[in-house]
Amino acid sequence: LAFSTENRDGYITNLSNDDDLNDSDYAMVRGSLGWDVTENIEVLLSAFSYRDDSNGPAAQVAGEYPREPLLLGFLPNPWLVAGVGSNLPDDARTLRSELTPKNSNDADGLSVTVDWDLRGSIFRSLTSYNDTAADFSNVDLDGSDSVFTEATSLVGWETWTQEFQLLSNNDDDLKWVVGAFYYDESSTFKYMLDFFSLGGPGNPNARFVGGPQQVKSTSAAVFGQLD
């Protein structure tokens, strides 16, 4: 059984709300259990769980904010409209943003390995399952403490695999293995982009939504090797 955790403050200060960015707040546990079912059959069960609620990475607009009155020749410059001032902080480890980015990641997994000694060969079964969900939200794309553009990405993966092997287990010079493998994945993705949300978070003037998109993928293979 193994356990790991880290909880520390960030080293980037958001001058708009005094939040620390680029912090770390995660915990993980992993364990394995072996079982001799019979004289010839062994089972190894492994599982893990991971939770991460850290703030997202700090991001700044490189250089000064745009100063031209119209962007692309027709869009009123939102930085000028809001009067956000300069984007040149005195300290490189500070920034301004009305949002605290979220970077949560939850993952769980399970694997089972079964070995059956057939006296001269071993039959092996390898099964695994993984489920992961990630939330990257409150991403401030305008790099200021007025709400112009923010993004959210929601991503999920669910996979399982099954592999069977038959491999030699003797003192012969020739070693061999044959087997089959199967993979199944279901993933989802959703992206939301709020444009020029001058009314405040949750009240965008315009919202672009991509998804939810779902991708399903399967693959299968057979293999063999002589050595």
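In this chain, residues are counted from 1 in sequence order. Fair warning: this is a prediction, and the values are worked out from it, not measured in the lab.
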Margin query: Applying a strict under-4.5 Å side-chain criterion to I, L, V, M, F, W and Y, I'd like to know whether Val155 and Val139 cluster together.
Written below: yes
Note to self: Membership question, hydrophobic clusters at under 4.5 Å side-chain separation (ILVMFWY): are Val215 and Phe189 in the same one?
What the structure shows: no
Once you round to the nearest 0.5 Å, how far does [atom1] of [X] lie from [atom2] of [Y]?
X      : Y      : atom1 : atom2 : answer
Ile12  : Ser97  : CD1   : OG    : 12.5 Å
Ser46  : Arg30  : OG    : CZ    : 5.5 Å
Gln213 : Thr188 : CD    : OG1   : 10.0 Å
Asn22  : Asn55  : CG    : CG    : 8.5 Å
Asp25  : Asp53  : CG    : CG    : 5.5 Å
Trp157 : Ser187 : CH2   : OG    : 8.5 Å

Check: Hey, is CZ on Phe223 packed in by over 12 heavy atoms from elsewhere, all under 6.0 Å?
Finding: yes
Margin query: Just checking Arg8: does its CZ atom have more than 12 heavy atoms from other residues, nucleotides or ligands closer to it than 6.0 angstrom?
Written below: yes
Next item on the list: Would you please name every residue forming a side chain to side chain contact (heavy atoms under 4.5 Å, CB included) with Thr152, sequence neighbours left out?
Entry: Asp135, Ser137, Leu154, Met192
How close do [X] and [Y] get, counting heavy atoms only, and between which atoms?
X      : Y      : answer
Asp106 : Asp52  : OD1-N, 4.1 Å
Asp20  : Gly10  : CB-N, 3.5 Å
Ala151 : Leu193 : CB-CD1, 4.0 Å

Without hydrogens or angle criteria, can the side chains of [X] and [Y] be said to hold a donor-acceptor pair below 3.5 Å?
X      : Y      : result
Ser111 : Ser128 : no
Asn170 : Ser168 : no
Ser186 : Glu158 : no

Next item on the list: Just jot down the ring-ring contact (aromatic ring centres under 6.0 Å, His included) partners of Tyr11, sequence neighbours excluded, or say none.
Entry: none
Next item on the list: Step by step, work out the side-chain hydrogen bond (donor to acceptor under 3.5 Å, both in side chains) result for Ser217 and Glu185.
Entry: CA-CA 5 Å; Ser217 177; Glu185 176 185 346; 5.2 Å; no
Note to self: Between Thr127 and Thr161, is there a side-chain heavy-atom distance shorter than 4.5 Å?
What the structure shows: no
Check: Side chains of Asp184 and Thr159: closer than 4.5 Å at any heavy-atom pair?
Finding: no
Transitive ILVMFWY cluster of [X] at side-chain heavy atoms under 4.5 Å: who else is in it?
X      : answer
Val37  : Trp35, Ile41, Val43, Leu45, Leu110, Val112, Val114, Trp116, Leu118, Phe123, Phe164, Leu166, Leu174, Trp176, Val178, Leu226
Tyr182 : Tyr129, Trp160
Leu44  : none

Item checked: Test salt bridge (Lys or Arg N to Asp or Glu O under 4.0 Å) applied to Glu39 - qualifying residues, sequence neighbours left out -> Arg119
Next item on the list: Only one of Asn103, Leu95, Thr13 passes side-chain contact (heavy atoms from CB on, under 4.5 Å) with Leu21; say which it is.
Entry: Leu95
Next item on the list: Apply the side-chain contact (heavy atoms from CB on, under 4.5 Å) test between Phe181 and each candidate in Gln162, Gln165, Glu163; give the one that qualifies.
Entry: Glu163
Checklist line | Steps toward salt bridge (Lys or Arg N to Asp or Glu O under 4.0 Å) verdict (Asp108, Arg51) | finding: CA-CA 9 Å; Asp108 300 288; Arg51 297 292 182 268; 3.2 Å; yes
Item checked: CA sep, side-chain torsions, deciding dist, call: Ile122, Leu167, side-chain contact (heavy atoms from CB on, under 4.5 Å) -> CA-CA 5 Å; Ile122 294 176; Leu167 56 156; 4.2 Å; yes
Notebook entry, point to check: What's the verdict on side-chain contact (heavy atoms from CB on, under 4.5 Å) for Arg124 and Leu126, showing C-alpha distance, side-chain angles and the deciding distance?
Noted result: CA-CA 7 Å; Arg124 177 171 293 160; Leu126 303 135; 4.0 Å; yes
